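The next block holds one structure in the form of structure tokens; read it before the comments.
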Amino acid sequence: MKELKLMKGNEAFAEAVIRAGVDGYFGYPITPQSEVLEYLMAQKPYERTGMVVLQAESEVAAINMVYGGAACGKKVVTSSSSPGISLKQEGISYIAGAELPALILNVVRGGPGLGTIQPSQSDYFQSTKGGGHGDYRLIVLAPASVQEMADFAGLGFDLAFKYRTPVLILSDGVIGQMMEKVELNPQVKRRSDEEVAAECPWATTGRPKNGPRRIITSLELDSAKQEIHNMKLQAKYKEMQENEVRFETFDTEDADYLLVAYGSSARICQKAVQIARKKGIKVGLLRPITLFPYPTEAISKLASQVKGILSVEMSAGQMVEDVRLAVNGRVKVEHFGRYGGIVPTPDEVVKALETKIIGG
Amino acid sequence: MTETFDKPEIRTPENLVYSKTKVLTDNVLSYCPGCGHGTAHRLVAEVIDEMGIQNDTIGVAPVGCSVLAYNFFDIDMQQAAHGRAPALATAIKRLYPGKFVFTYQGDGDLAAIGTAETIHACNRGENIVIIFINNGIYGMTGGQMAPTTLPGMPTSTSPYGRDTHIMGNPLKMTEIVATLPGTYMVTRQAVHTPAAVRKAKKAIRMAFENQKLDKGVSFVEIVSNCNSGWKLSPVKANEWMVNNMFPFYQLGDIKMNGELVK
């Protein structure tokens, strides 16, 4: 039975993780996502479901605990915020290279450096273009509500195990901290060790009696083999691009102009669309839900319909590059953003649309 | 030489007094001739075999000379990022408390880049075995100074000898972890003589047996040679180890049954 609750985004994520039958959470405190670990500890999931919850000595240790748990076929998750996510990049690269399923939540704050604890969306490049070393991609989910903070816990694990790949939930300080009503799924039973072993024959759960042993590694000293491994990863990323693109549109049917925004910026842009339409400007919104794979085709189609596109994000202009790649010069594309922890108002977005796109 | 080994008539069961343990694979070891890693691998494999836990043991390989350890043990293994093996082992053991979990790490991995993971896994009292091979040098990357390099010892990054005023002092991680409440057994062994090998094996066996007790980390340091890194023949390297490494890294039990020895 579904349950309706009023929760913070971070808490909704933590509760959804328990209910999704997750086996382990490993984390380290950092604002604005500490509620995830706090909520989990308060809930005693080790009593509720037998889930392991551990406060690690660092973000580095936490992501490597995730590696160890994921390599055993268990459902494991970590969460952090921007500076901590930077520390995890080495481990994320290893997880991608070793083809392990894992879930990572980034509740983004403003950077660079220690930056600010206020919301931002300035980790888009890091999330979608690499982050760590080597040719790899993450599936990146961008929640725009507390409901999606909860829903993407389950979806994230489904995708992580489907592709044996790390999945990143790219949230931000607004979505993590704000309270909304959320409909929670019923408790899913954690898989038994036998079920894990049957589902994940690749996992290191103890060498089967009849062998062969399982090895989890991202090392291949023979470059010819390493290239083949990389090709396999690339084929997987292509498959994701073909099958996993998720987005939604608002008021695009008759739109002359288009806003593109994800996460909390998309919420602000929904209001901006209403304000602009009251002024007689026919504008719509496309909200990418997956940032990788990116809804390139959907934006490309809309580029044939509209006169100009404004990419809105709380950064100095990162996602706008992917919008421009999708549009390929056919119509004008501009960026509007506030950053350093400043959240723009819907009126500012409308004004930017008027000056940069319509009048520009 | 070849002649001796090519006589199938002498390979009969009654003549068999020694054989490769089944927990080691047939892969050719990637270690230099004369290196202690091969012996240390064999001891760990023998213990796993004798305890009958080949199907219940999960090992973690480090970054360093033993990065390919997973090619030599016929058990399920994971390869960790540099220094992070104790973090992996922490998660594996907590998610599978019934399995035997060990890390196998060198001194650069465990005592430099992995210092935090080592100390915190030991301090939390993770119920794992840590096998720590200390040869005072970064072997795989070509003989650079390690956290364990002795004062005055030349390496490729301390070509005139380790000047402690400039380069700092060698770190005795084993003594450090012995002071932590989460370690149950801490010992320092060697594998350069048959007597030392027998003692080291006993220690490794005890370390693995300890996992059944749920009383924290069992930590076995093995002081070893690095003849290629030290630029000495295997025999000379062992002599140098006895004369220089052992006085600084004294062999023996440091903590047994949760109590400091002495």
Side-chain angles (χ1 to χ4, degrees), chain A residues 23-26 46 50-76 78 88-95 97-98 100 102 132 190 193 196-197 202-221, chain B residues 22-25 27 30 48 52-63 67-101 103 113-124 126 128 140:
Chain A
D23 300 299
Y25 170 91
F26 305 93
Y46 37 91
M51 177 182 166
V52 170
V53 185
L54 185 61
Q55 179 168 339
E57 62 270 32
S58 67
E59 287 92 345
V60 176
I63 192 68
N64 283 285
M65 288 169 183
V66 165
Y67 179 108
C72 293
K74 295 281 187 175
K75 283 187 179 177
V76 284
T78 185
K88 291 184 194 291
Q89 292 303 330
E90 178 201 38
I92 294 172
S93 170
Y94 273 66
I95 289 168
L100 300 175
R190 282 182 53 238
D193 288 354
V196 171
W202 48 266
T204 56
T205 55
R207 178 192 181 279
K209 288 237 159 30
N210 302 320
R213 72 192 196 284
R214 280 74 58 97
I215 297 166
I216 298 295
T217 182
S218 61
L219 174 69
E220 180 47 70
L221 292 171
Chain B
K22 74 173 197 307
V23 178
L24 285 179
T25 64
N27 292 329
S30 49
I48 291 169
I53 56 172
Q54 184 178 18
N55 308 108
D56 295 307
T57 302
I58 300 164
V60 185
V63 170
V67 65
L68 293 170
Y70 55 77
N71 279 341
F72 311 128
F73 290 103
D74 191 9
I75 56 169
D76 276 5
M77 283 196 78
Q78 302 183 14
Q79 194 276 314
H82 201 16
R84 318 299 174 214
L88 273 64
T90 293
I92 299 166
K93 185 70 181 185
R94 286 187 180 235
L95 290 161
Y96 289 95
K99 302 287 177 189
F100 291 83
V101 180
T103 70
I113 194 164
T115 310
E117 284 77 8
T118 304
I119 287 182
H120 284 280
C122 286
N123 198 45
R124 282 192 304 264
E126 300 297 342
I128 58 173
M140 186 180 70

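Here the structure is a predicted model, which is why all the values come from computation and not from measurement.
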Residue [X] versus chain B: region with a heavy atom under 4.5 Å:
{"X": "Leu221(A)", "result": "side chain"}
{"X": "Ser93(A)", "result": "neither"}
{"X": "Ala203(A)", "result": "backbone"}
{"X": "Tyr94(A)", "result": "side chain"}

Quick one: what part of [X] sits under 4.5 Å from any heavy atom of chain A, side chain, backbone, both or neither?
{"X": "Tyr70(B)", "result": "both"}
{"X": "Ile75(B)", "result": "backbone"}
{"X": "Ala61(B)", "result": "neither"}

Within the 4.5 Å heavy-atom criterion, are Arg213(A) and Thr25(B) side-chain neighbours or not?
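They are in side-chain contact.
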Do Ile63(A) and Ile92(A) come close enough that some side-chain heavy atom pair is under 4.5 Å?
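Contact flag for Ile63(A)/Ile92(A) side chains = yes.
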Residues which pass ring pair (Phe, Tyr, Trp, His ring centres under 6.0 Å) with Phe100(B), listed by chain and number, not counting sequence neighbours
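Partners of Phe100(B) by the ring pair (Phe, Tyr, Trp, His ring centres under 6.0 Å) criterion come out as none, since no residue qualifies.
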I need the residue from [options] with the largest number of non-hydrogen atom pairs under 4.5 Å to chain B.
{"options": "Ala56(A), Gly91(A), Cys72(A)", "result": "Cys72(A)"}
{"options": "Asp23(A), Leu219(A), Val66(A)", "result": "Leu219(A)"}
{"options": "Arg214(A), Met65(A), Lys209(A)", "result": "Arg214(A)"}

Has the side chain of [X] got a donor or acceptor atom that lies under 3.5 Å from a matching backbone atom of [Y]?
{"X": "Thr78(A)", "Y": "Phe26(A)", "value": "yes"}
{"X": "Asp76(B)", "Y": "Thr205(A)", "value": "yes"}
{"X": "Gln78(B)", "Y": "Gly68(A)", "value": "yes"}

Looking at Asn71(B), Asp56(B), Ile53(B), Leu88(B), which has the largest count of heavy-atom pairs under 4.5 Å with chain A?
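So the answer, after comparing Asn71(B), Asp56(B), Ile53(B), Leu88(B), is Leu88(B).
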For the pair Asp74(B) and Arg207(A), find out whether any cationic side-chain nitrogen is under 4.0 Å from an anionic carboxylate oxygen.
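Between Arg207(A) and Asp74(B) there is a salt bridge, with a charged N closer than 4.0 Å to a carboxylate O.
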Under a 4.0 Å N-O cut-off, is there an ion pair linking Glu117(B) with Arg84(B)?
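Answer for the salt bridge query: yes.
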